[in-house]
Colleague: 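Please find one structure pasted underneath; my questions will follow.
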Amino acid sequence: MIISWNTTQACNIRCIHCYRDAGTRRQDELTTEQGKDLLSGMARAGFKIVILSGGEPLMRPDIYELIAYAKSIGLRPVLGTNGILIDVDTAKRLKEAGLGTAGISLDSRRKEQHDWFRQSEGAWEKTLAGMEACREAGLPFQIHTTVLNWNEAEITDITDLAVELGAIAHHIFFLVPTGRGKDLEDDSLKTAQYEKLLNRILDKRLEVPIEIKPTCAPQFMRLAKQRGIPMRYSRGCLAGTHYCVVLPNGDVHPCPYLPIKVGNVKETDFAALWQDSPLFQELRTQPLKGGCGECGFDDVCGGCRARAYHYSGDYLAEEPWCGLGR
């Protein structure tokens with residue numbers, strides 16, 4: 001199982017699509033000790049991988065301490081970062097603390113487009129410098145790309161760049177309109193374009209030596225099954241079943257893009273929330289509605305619960321942009 005902790009709302013840039021609407025640190029963010037209690041609860045609940053993200057996690061002064069603690073209790077800590085603040089010394093400190101992998105965001109091979117999307121002049125060059133620092137320090141890194149209409153055509157070219165730069169993986173995030181991303185709803189991929197890109201990604205997986213994984217596009221599991229392509233994953237959408245997110249203030253949501261509060265770890269032990277939450281139980285046991293409950297692939301796909309909720313107000317409803325929808 002895998003879990004995300006948005007460790008801070010603070011960020012050094014202001015990306016157009018940010019689901020967390022990051023920028024300024026919240027006053028009620030978890031302290032170091034509260035963060036360690038949270039990490040212990042994650043381990044007790046059976047999670048194996050914890051993604052430390054933000055905002056920008058490198059703006060938390062105690063991030064190295066939190067990484068080391070996570071590692072010491074048997075979790076595999078990984079980082080979700082824009083990469084701008086990573087130099088060789090930082091990469092070495094992250095590695096020494098026990099970080100498994102740095103996930104670094106890069107949204108275009110064209111620096112002017114990446115800088116515009118990240119709302120930060122020079123971000124592209126600084127991000128690539130951060131990747132090179134990781135490579136020099138021997139810290140594994142992977143590239144994260146958010147896909148929209150404007151960069152859809154170059155997604156597999158970014159995969160080629162990831163290989164050139166020495167990344168171990170390329171994870172491709174399909175936009176769910178939440179946070180500042182609500183303003184980009186018209187630019188997100190819809191049914192035909194959505195599935196065409198997923199098939200291109202599956203084709204690309206067979207050509208390159210690194211992992212390529214779509215995120216928030218669980219239909220890739222259905223397409224892989226239809227095409228007879230073996231996958232090491234068990235299911236597409238994991239929200240509330242094998243995954244959830246903790247916000248900077250301790251609120252727990254089923255995923256970063258499904259803004260429904262389950263509880264708060266300052267008030268209730270995380271392991272208890274994970275085990276007993278009625279919302280989590282519903283996501284784990286209740287049949288999906290509409291096409292998602294009738295297509296025959298709900299066991300490997302599950303549809304995007306956050307996208308279903310955004311468009312219908314019902315997190316059990318069918319995924320609106322799936323090619324098998326009614």
Side-chain angles (χ1 to χ4, degrees), residues 1-6 19-20 38-39 41-53 75-78 80 100-101 103 142 144 146-147 169-176 178 194 198 201-202 205 211-225 230-247 251-263 270-271 273-289 292-293 295 297-310 314-322:
M1 297 195 302
I2 186 170
I3 186 168
S4 294
W5 174 21
N6 298 148
Y19 64 83
R20 195 53 63 220
L38 169 61
L39 291 168
M42 293 175 181
R44 290 196 308 274
F47 286 90
K48 303 301 181 185
I49 300 173
V50 55
I51 305 168
L52 303 169
S53 62
L75 293 169
R76 182 174 186 269
V78 299
T101 305
Q142 61 191 45
H144 294 170
T146 298
V147 60
H170 183 202
H171 287 197
I172 300 158
F173 291 74
F174 286 63
L175 182 83
V176 179
T178 187
Y194 188 132
L198 286 175
I201 292 169
L202 287 172
R205 286 184 76 253
E211 175 191 71
I212 311 177
K213 182 183 181 296
T215 298
C216 297
Q219 291 77 15
F220 83 95
M221 288 292 290
R222 183 254 300 169
L223 291 169
K225 186 173 182 178
M231 304 292 287
R232 68 179 183 88
Y233 314 105
S234 59
R235 195 167 187 266
C237 182
L238 304 177
T241 62
H242 297 78
Y243 174 79
C244 70
V245 63
V246 182
L247 276 59
D251 286 348
V252 179
H253 290 186
C255 91
Y257 314 102
L258 182 50
I260 303 176
K261 179 180 174 179
V262 172
F270 172 78
L273 284 174
W274 176 252
Q275 179 177 339
D276 301 329
S277 160
L279 190 152
F280 286 157
Q281 292 300 325
E282 193 170 13
L283 286 167
R284 293 165 193 168
T285 62
Q286 293 300 303
L288 300 177
K289 301 175 183 177
C292 283
C295 69
F297 294 96
D298 57 313
D299 59 330
V300 296
C301 173
C304 176
R305 298 301 92 218
R307 200 172 283 114
Y309 180 78
H310 173 78
D314 183 353
Y315 48 78
L316 295 177
E318 72 177 26
E319 157 94 41
W321 304 125
C322 176

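Atom set for the values below is all heavy atoms of this structure, side chains included, hydrogens, waters and symmetry mates excluded. Position 1 is the first residue of the sequence, and the numbers go up from there.
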Colleague: Going by heavy atoms in the side chains, are Y19 and N6 under 4.5 Å from each other?
Modeller: yes
Colleague: Rounded to the nearest 0.5 Å, what's the gap from CG on L316 to CG on L283? Could you check?
Modeller: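 Separation between the atoms: 6.0 Å.
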Colleague: Check whether R307 reaches the backbone of L175 with its side chain - one donor and one acceptor, N or O, closer than 3.5 Å.
Modeller: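 Yes, the answer is positive, given that a donor and an acceptor are paired below the 3.5 Å cut-off.
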Colleague: Taking the side chain as every heavy atom from C-beta outward, state whether P259 and Y309 have any atom pair closer than 4.5 Å.
Modeller: yes
Colleague: Within a strict 4.5 Å, meaning less than it, do heavy atoms of the T241 and R305 side chains meet?
Modeller: no
Colleague: What is the distance from atom CD1 of I49 to atom CD1 of I3, rounded to the nearest 0.5 Å?
Modeller: 12.0 Å
Colleague: Spell out, as yes or no, whether a donor-acceptor pair under 3.5 Å connects the side chain of Q219 to the backbone of G302.
Modeller: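 No; zero donor-acceptor contacts below 3.5 Å.
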Colleague: Considering all heavy atoms of both residues, which atom of I260 and which atom of P254 are nearest to each other, and what is their separation?
Modeller: O-CD, 3.3 Å
Colleague: Would you indicate whether the side-chain heavy atoms of C244 and V262 approach each other to under 4.5 Å?
Modeller: no
Colleague: What closest approach, in Å, do G303 and C292 show between heavy atoms, and which atom pair accounts for it?
Modeller: CA-SG, 4.1 Å
Colleague: Grab the two heavy atoms, one from C255 and one from A306, that are nearest each other, plus how far apart they are.
Modeller: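 Shortest heavy-atom contact: SG-CB, 3.9 Å.
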Colleague: Measuring from atom CD1 of I201 to atom NZ of K213, what distance do you get when rounded to the nearest 0.5 angstrom?
Modeller: 10.5 Å
Colleague: I want to check something: taking the side chain as every heavy atom from C-beta on, are C237 and E319 in contact at a cut-off of under 4.5 Å?
Modeller: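 Counting from C-beta outward, C237 and E319 never come under 4.5 Å.
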Colleague: Decide side chain to side chain contact (heavy atoms under 4.5 Å, CB included) for L279 and Y315; before the verdict, give the C-alpha distance in whole Å, the side-chain angles of both, and the deciding distance to 0.1 Å.
Modeller: CA-CA 10 Å; L279 190 152; Y315 48 78; 4.0 Å; yes
Colleague: Taking all non-hydrogen atoms of both residues into account, name the closest pair between R205 and M231 and its distance.
Modeller: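 Nearest pair, atom of R205 first, then M231: NH1-SD, 3.6 Å.
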Colleague: Please confirm whether F174 and W321 have ring centers closer than 6.0 angstrom.
Modeller: no
Colleague: Hey, mind stepping through S4 and Y243 against side chain to side chain contact (heavy atoms under 4.5 Å, CB included) and telling me if it holds?
Modeller: CA-CA 8 Å; S4 294; Y243 174 79; 2.7 Å; yes
Colleague: Nearest 0.5 Å please: distance from the CG atom of L223 over to the SG atom of C322.
Modeller: 8.0 Å
Colleague: Quick one: are L258 and H253 in side-chain contact, heavy atoms under 4.5 Å?
Modeller: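 Counting from C-beta outward, L258 and H253 never come under 4.5 Å.
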Colleague: Please lay out, stage by stage, how R222 and C295 fare under the test side chain to side chain contact (heavy atoms under 4.5 Å, CB included).
Modeller: CA-CA 10 Å; R222 183 254 300 169; C295 69; 6.0 Å; no
Colleague: Would you mind reporting whether M221 and F297 have side-chain heavy atoms less than 4.5 Å apart?
Modeller: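 No, too far: nothing below the 4.5 Å cut-off.
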Colleague: Can you tell me which residue among Q142, H170, R232 is in a side-chain hydrogen bond (donor to acceptor under 3.5 Å, both in side chains) with E211?
Modeller: R232
Colleague: Hey, mind stepping through L39 and W5 against side chain to side chain contact (heavy atoms under 4.5 Å, CB included) and telling me if it holds?
Modeller: CA-CA 9 Å; L39 291 168; W5 174 21; 4.3 Å; yes
Colleague: Can you see which heavy atom on D299 is nearest to which on K225, and at what distance?
Modeller: OD2-NZ, 4.0 Å
Colleague: Tell me, yes or no, whether the heavy-atom count around K48 atom NZ, taken from other residues, nucleotides or ligands under 6.0 Å, exceeds 12.
Modeller: no
Colleague: Working to the nearest 0.5 angstrom, can you tell me the gap between R76 CZ and I2 CD1?
Modeller: 9.0 Å
Colleague: Nearest 0.5 Å, please: how far is OG1 in T146 from NE2 in H171?
Modeller: 13.0 Å
Colleague: If we only count heavy atoms from C-beta on, is the M42 to M1 side-chain gap below 4.5 Å?
Modeller: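 The answer is no; the side chains never approach within 4.5 Å.
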Colleague: Locate the shortest heavy-atom distance separating P77 from L75; write the atom from each residue and the value.
Modeller: CD-O, 3.2 Å
Colleague: Can we call the ring centroids of F47 and F270 under 6.0 Å apart?
Modeller: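 Ring-ring flag for F47/F270: true, centres closer than 6.0 Å.
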